[in-house]
Amino acid sequence: MNKKTIAVSCIGSLLIIAATCCAAEAVQNGTEQQGEHEPRLFGSTYMTRNNPFFDVLHEALEEVVDENGDILITRDPLQDQDKQNEQILAMLDEGIELLFINPVDWEMVQPALDACKEAGVPIINIDTRLKDQSAVISCIETDNYQAGQECAKDMMKRLDSARIVVLDNPIQTSISDRVKGFEDTIAGNDNYKIVYRHAAAGELEVAAEVMADFLKQDIEFDVLLGGNDPSALGGLASLQQYRKDENVLVYGIDGSPDFKAMLDEGYVTGTSSQSPKELGRTAGETAYAYLRGEEVPEYLTLPSKLITKENLHEYEINGWQ
């Protein structure tokens with residue numbers, strides 16, 4: 001064997017050893033590249049896809065899953081908890097190894113949670129808390145209580161007294177927490193009173209109908225709080241239809257492009273921001289940290305900041321935070 005042949009042989013051996021070491025390290029650290037493992041199947045479900053917030057959240061989550069060479073399937077229950085339960089059971093039959101869930105009803109979802117627990121499928125809870133957290137690896141949401149507080153604080157700066165209409169959704173804990181934050185902020189001050197409160201499903205069309213029915217009662221008010229931006233914008237649509245929007249402060253919670261566009265035009269007052277992009281990405285990263293055997297937080301909140309006409313220039317009007 002000549003010297004050239006020996007050199008080539010040595011280099012080849014060194015490359016094989018290096019590749020073997022790198023592969024072993026990748027497996028040990030859970031950093032296998034795409035294609036080096038059988039794709040895992042994950043499931044996701046949100047209370048509705050009739051809200052752009054969940055589309056953006058899902059896209060951010062799906063991006064993380066794709067980056068790791070896995071597959072994410074999703075189902076839309078259309079605000080029907082029975083349907084969501086059925087869809088989760090169907091995804092379990094398809095073989096999902098982990099579920100990302102935003103429930104329609106935080107209590108009625110329990111049969112599906114029990115099925116996940118029995119199947120050994122861990123759960124990442126996003127945006128709206130489940131009542132039973134025993135099968136949940138981590139719950140990730142915006143600080144909804146703070147979001148409600150920020151709306152109330154701004155209202156109190158603008159008005160010395162107010163009669164307030166609230167469009168909420170009691171079966172959705174995120175909205176309930178927002179309203180609770182708002183209520184606690186005005187508590188003990190008789191100058192601020194909630195004169196009407198009604199569930200609006202967190203959807204524009206439903207909120208518009210609820211607000212239209214309320215306006216027929218001819219009750220005086222000067223503030224509208226929507227549990228999310230679609231609720232607030234639905235209420236605004238009825239206010240404008242009945243020409244009763246003048247001198248009414250309108251607050252939402254989301255920081256959606258639609259609401260910021262109306263804010264820019266001066267039709268609404270403020271919205272406490274959420275970042276569906278950050279929620280989705282954080283949920284995905286938390287799931288993979290758990291799958292790598294790392295300790296993950298049981299509860300994780302992302303801060304909310306009020307967006308008004310005065311600071312709108314700090315945000316992208318046509319996009320989400």
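Keep in mind that this is a model prediction, so the values were computed, not measured. What's counted below: heavy atoms across the whole structure, side chains too, no hydrogens, waters or symmetry copies.
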Short side-chain donor-acceptor distance under 3.5 Å, Tyr46 and Asp127
no

Electrostatic pair Arg158:Glu310 at N-O distance under 4.0 angstrom
yes

Testing Gln133, Glu298, Glu141 for side-chain hydrogen bond (donor to acceptor under 3.5 Å, both in side chains) with Asn125, which one passes?
Gln133

Taking side-chain contact (heavy atoms from CB on, under 4.5 Å) as the criterion, tell me which of Ile71, Leu61, Leu72, Ile96 meets it with Phe42.
Leu72

Side chain to side chain contact (heavy atoms under 4.5 Å, CB included) evaluation trace for Met156 with Thr185:
CA-CA 9 Å; Met156 296 172 81; Thr185 304; 4.1 Å; yes

Crowded around Lys309 NZ? As in, over 12 foreign heavy atoms under 6.0 Å?
yes

Tell me, with the steps shown, if Gln84 and Thr45 meet side chain to side chain donor-acceptor pair (under 3.5 Å).
CA-CA 7 Å; Gln84 187 174 51; Thr45 176; 3.0 Å; yes

Looking only at non-hydrogen atoms, find the nearest pair between Gln274 and Leu279 and report the distance.
OE1-CD1, 4.1 Å

Note, Gln146 side chain near Thr301 side chain (heavy atom, < 4.5 Å):
no

Any Lys/Arg nitrogen of Lys180 or Asp184 sitting under 4.0 Å from an Asp/Glu carboxylate oxygen of the other?
yes

Over all atoms of both residues, closest heavy-atom pair of Ser238 and Leu215
O-CD1, 3.7 Å

CG of Asp160: more than 12 outside heavy atoms within 6.0 angstrom?
no

The reported gap from CZ in Phe182 to CD1 in Ile253 (rounded to nearest 0.5 angstrom) is 9.0 Å

What's the separation between atom CD in Glu86 and atom NZ in Lys83, rounded to the nearest 0.5 Å?
8.5 Å

Any side-chain heavy atom of Ser176 within less than 4.5 Å of one from Asp168?
no

Check step by step if salt bridge (Lys or Arg N to Asp or Glu O under 4.0 Å) holds for Lys216 and Asp213.
CA-CA 5 Å; Lys216 295 171 185 176; Asp213 289 340; 3.8 Å; yes

I need the Arg40 CZ to Tyr288 OH distance, nearest 0.5 Å.
5.5 Å

same_hphob_cluster(Leu239, Tyr251) at 4.5 Å side-chain heavy-atom cutoff:
no

To check you understand the geometry: which heavy-atom pair defines the closest contact between Ser275 and Gln321, and what is its length?
OG-O, 2.7 Å

Lys260 side chain to Glu316 main-chain N or O, any donor-acceptor pair under 3.5 Å?
yes

Do you know which two heavy atoms are closest between Asn311 and Leu306, and how far apart they sit?
ND2-O, 3.0 Å

Side-chain contact, heavy-atom cut-off 4.5 Å: Leu98 with Ile137?
no

Looking at Gln240 and Asp245, would you say the former's side chain and the latter's main chain have a donor-acceptor pair under 3.5 Å?
no

In sequence, state the C-alpha distance, the side-chain angles, and the governing distance for Met155 and Ile186, and then conclude on side chain to side chain contact (heavy atoms under 4.5 Å, CB included).
CA-CA 10 Å; Met155 176 197 70; Ile186 66 173; 3.8 Å; yes

So, applying side-chain hydrogen bond (donor to acceptor under 3.5 Å, both in side chains) with Ser256, which one of Thr271, Asp229, Asn51 is it?
Asp229

Between Asp222 and Asn247, is there a side-chain heavy-atom distance shorter than 4.5 Å?
no

Short question: side chain of Asn189, backbone of Asn191 - any donor-acceptor pair under 3.5 Å?
yes

Can you check whether Asp105's main-chain N or O pairs, donor with acceptor, with Gln81's side chain at less than 3.5 Å?
yes

Is any NZ, NE, NH1 or NH2 atom of the basic residue among Arg281 and Glu67 found under 4.0 Å from an Asp or Glu carboxylate oxygen of the other?
yes

Just by distance, do the side chain of Ser273 and the backbone of Ser304 share a donor-acceptor pair under 3.5 Å?
no

Within one Ile-Leu-Val-Met-Phe-Trp-Tyr cluster: Ile219 and Leu159, side-chain cutoff 4.5 Å:
no

Could you tell me if the side chain of Arg129 sits less than 4.5 Å from the side chain of Asp177, heavy atoms only?
yes

More than 12 heavy atoms from other groups under 6.0 Å of OH on Tyr267:
no

Please name the pair of heavy atoms, one in Lys305 and one in Glu314, separated by the smallest distance, quoted to 0.1 Å.
NZ-OE1, 3.4 Å

Student check: side-chain heavy atoms of Pro103 and Thr128 closer than 4.5 Å:
yes

What I'd like to find out is whether the side chain of Pro77 reaches to under 4.5 Å of the side chain of Ile88, using heavy atoms alone.
no

Indicate if Val248 and Leu233 have the same hydrophobic cluster label, given that clusters are the connected sets of ILVMFWY residues with side-chain heavy-atom separations under 4.5 angstrom.
yes

Decide whether Ser231 and Asn228 meet the rule of one side-chain donor and one side-chain acceptor closer than 3.5 Å.
yes

List the atom of Ser44, the atom of Leu99, and the distance in Å for their closest heavy-atom pair.
N-CD1, 4.1 Å

Quick one: pull up CG in Asn144 and CG in Leu302 and give me the separation to the nearest 0.5 Å.
10.0 Å

Just wondering, are more than 12 heavy atoms of other shown residues or ligands nearer than 6.0 Å to CD in Glu94?
yes

d(Glu107 CD, Lys131 NZ) to nearest 0.5 Å is 4.0 Å

Please determine whether side chain to side chain contact (heavy atoms under 4.5 Å, CB included) holds for the pair Met47 and Phe54, giving the CA-CA distance in whole Å, both sets of side-chain angles, and the decisive distance to 0.1 Å.
CA-CA 9 Å; Met47 63 180 68; Phe54 291 113; 3.9 Å; yes

In one Ile/Leu/Val/Met/Phe/Trp/Tyr side-chain cluster, 4.5 Å: Val104, Leu78
no

Look only at the side chain of Arg163 and the backbone of Val195, and say whether a donor-acceptor pair between them is shorter than 3.5 Å.
no

Are any non-hydrogen side-chain atoms of His58 and Phe100 less than 4.5 angstrom apart?
no

Can you measure from CD (Glu62) to CD1 (Ile73) and round to the nearest 0.5 angstrom?
11.5 Å

Side chain to side chain contact (heavy atoms under 4.5 Å, CB included), that's the test. Do His37 and Asp70 meet it? Break it down for me.
CA-CA 9 Å; His37 70 274; Asp70 294 319; 2.8 Å; yes

Going only through I, L, V, M, F, W and Y residues with side-chain contacts under 4.5 Å, is there a path from Ile164 to Ile175?
yes

Looking at Ala147, is its backbone amide N or carbonyl O close enough to the side chain of Ser272 to form a donor-acceptor pair, meaning the two atoms are under 3.5 Å apart?
yes

